[in-house]
2 protein chains.
Amino acid sequence: MTQNLNNIRIVLVGTTHPGNIGAAARAMKCMGLSSLYLVQPPFGFPGADATARAAGADDLLAAAVSCETLEPAIRDCSLVVGTTARERSIPWPVLTPEQCAKQSLQAAADGPVALLFGRERSGLTNEEIDCCNAVVNIPTDPAFSSLNLAAAVQVLSYEIYKIVSAQQPVADETPKIPLATNEELEYLYEHLQRTMTRVGFYDPVKPRRVIRRLRRLFGRAQLDQNELNILRGFLAAVDEKTPPE
Amino acid sequence: MTQNLNNIRIVLVGTTHPGNIGAAARAMKCMGLSSLYLVQPPFGFPGADATARAAGADDLLAAAVSCETLEPAIRDCSLVVGTTARERSIPWPVLTPEQCAKQSLQAAADGPVALLFGRERSGLTNEEIDCCNAVVNIPTDPAFSSLNLAAAVQVLSYEIYKIVSAQQPVADETPKIPLATNEELEYLYEHLQRTMTRVGFYDPVKPRRVIRRLRRLFGRAQLDQNELNILRGFLAAVDEKTPPE
């Protein structure tokens with residue numbers, strides 16, 4: 001699956017602001033992507049703006065492939081997907097980001113896949129969209145659909161990495177405390193009822209209802225052994241300080 | 001559902017770079033979110049950097065609520081979720097961005113929901129995480145997990161808007177009884193600590209750890225008003241029966 005990530009290429013077409021290229025590289029690297037192509041990179045790239053925004057992803061900038069036209073950036077690709085915010089007059093297969101991620105990973109098993117991101121102001125041209133197998137649209141509020149370029153790269157890369165990371169066994173580094181057993185929970189509920197009676201706390205109308213609510217609460221919380229011990233220790237301390245009825 | 005979006009609040013805690021606040025506002029607005037809170041905003045906010053990166057979302061910056069501490073930013077919230085990149089020593093319920101989006105939209109039907117984003121370098125403190133009901137983690141490549149602040153806001157906001165835009169009917173699992181607010185939970189924790197001290201119950205080695213564990217337990221359980229009243233009523237009954245130290 002990591003091999004598939006290596007085969008997914010982010011192609012930034014006609015980007016105006018070098019800083020956006022850096023931010024896009026950072027977004028990619030967080031999501032396990034490394035292959036960056038730049039079609040007509042702006043004056044000022046490479047440079048300080050891009051490096052600053054890359055924040056440690058400058059290896060992607062250094063390895064980025066620059067091209068004068070789109071064609072060499074997608075020539076060897078079996079799947080090319082263009083991002084667009086607009087409705088096109090010619091209907092195109094429009095993927096959701098999730099569908100785009102799934103199809104990209106599948107196609108990447110066979111060879112390079114290119115995700116195209118257009119200019120900050122105007123996006124991809126119709127001619128560039130014509131080179132795509134499909135178009136992907138990131139849902140945005142119709143009242144404000146001005147997604148930043150690197151943010152768009154972030155969302156599509158995230159959807160890809162989400163699939164990959166879900167398939168990897170996630171290293172569980174958090175110390176696992178065993179859950180309380182059902183038997184132990186029953187002891188807790190008995191103890192709660194005993195101590196509540198002892199201190200004179202009860203719902204005068206529906207006494208059993210209080211215990212039912214607490215059962216539901218602690219059952220839902222799935223108590224671990226530590227938490228159970230704290231609660232029972234507290235109840236025992238209350239018992240010790242209060243005279244029996 | 002739009003009403004629910006209005007109830008979801010992005011809380012940026014201790015942000016260092018004003019530009020990141022602008023970029024976060026832009027990310028929010030694209031995804032239909034508008035409520036922005038800033039805890040200890042940086043010198044230079046408001047200012048040109050934030051406005052430039054907001055790129056048209058400057059109405060969110062103008063309406064942003066600034067606070068000196070976290071407490072007023074989350075006081076009225078029924079659900080508080082903290083973002084974290086790190087594994088914590090005490091295990092916390094860790095949501096995926098999708099789970100976070102679903103739970104946020106559900107809880108937002110009852111009242112404000114806060115999504116907390118920490119400092120660029122160091123994230124949220126343990127004390128800030130202690131105020132959360134749950135923690136959300138955006139999956140990133142373990143080799144490079146340096147997600148930009150606005151990129152993190154983008155991903156979580158996107159997952160929320162994805163649900164709204166798909167008009168997927170969110171299963172209404174919210175309890176009929178309103179959830180306890182964060183402020184009420186804080187009163188409960190204070191009361192617990194007071195009563196535990198009163199009856200002489202404490203972990204002799206790590207007294208604060210006991211309270212942290214109980215915070216985690218009750219935060220995770222998302223107490224409703226009834227449950228909160230039962231617990232506080234019980235504590236009050238214990239107080240009445242036990243002499244002060």
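Throughout, protein chains are lettered first and strands after them, A, B, ... in sequence-line order, and every chain is numbered starting at 1. We use all heavy atoms of the structure for the numbers below, so side chains are in, but hydrogens, waters and symmetry mates are not.
Side-chain N or O atoms of E120(B) include one that pairs as donor or acceptor with a backbone N or O of T16(B) at under 3.5 Å. Between the K241(B) side chain and the R198(A) main chain, no donor and acceptor come within less than 3.5 Å of each other.
Atom-to-atom distance recorded for D49(B):CG and N20(B):CG is 10.0 Å, nearest 0.5 angstrom. Between D224(A) atom CG and E184(A) atom CD the span is 10.5 Å, to the nearest 0.5 Å.
Looking at T195(B), the atoms closer than 4.5 Å to chain A (heavy atoms on both sides) sit in the backbone and in the side chain alike. Of the atoms belonging to N226(A), it is side-chain heavy atoms, and not backbone ones, that fall under 4.5 Å from chain B. When heavy atoms are compared at a cutoff of 4.5 Å, A151(A) approaches chain B by way of both its backbone and its side chain. The parts of S146(A) that come within reach of chain B are both its backbone and its side chain, each placing non-hydrogen atoms under 4.5 angstrom from that chain. Contact annotation for L223(A): both backbone and side-chain heavy atoms come within less than 4.5 Å of a heavy atom of chain B. Looking at E240(A), neither its backbone nor its side chain comes within 4.5 Å of chain B, counting heavy atoms on both sides. Using a 4.5 Å cut-off between heavy atoms, A57(A) contacts chain B through both its backbone and its side chain. In this structure, chain B has a heavy atom under 4.5 Å from the side chain of Y158(A), while its backbone stays farther away. Neither the backbone nor the side chain of L156(A) comes within contact range of chain B; no heavy atom of the residue lies under 4.5 Å from a heavy atom of that chain.
Ranked by heavy-atom pairs under 4.5 Å with chain B, the list R213(A), Q154(A), K29(A) is led by K29(A). When each of L214(B), V238(B), L33(B) is checked for heavy-atom pairs under 4.5 Å with chain A, V238(B) comes out on top. Contact count against chain A (heavy-atom pairs under 4.5 Å) is highest for I230(B) among L231(B), I230(B), T242(B), T96(B).
Using a 4.5 Å cut-off on side-chain heavy atoms (C-beta onward), N126(B) and R212(B) make contact. Between L147(A) and M31(B) the shortest side-chain heavy-atom distance falls below 4.5 Å.
Counted within 6.0 Å of CD on E186(A), heavy atoms from surrounding residues, nucleotides or ligands total more than 12; the atom is thus considered enclosed.
Salt bridge absent: R194(A) and D239(A) never bring a charged side-chain N and a carboxylate O closer than 4.0 Å.
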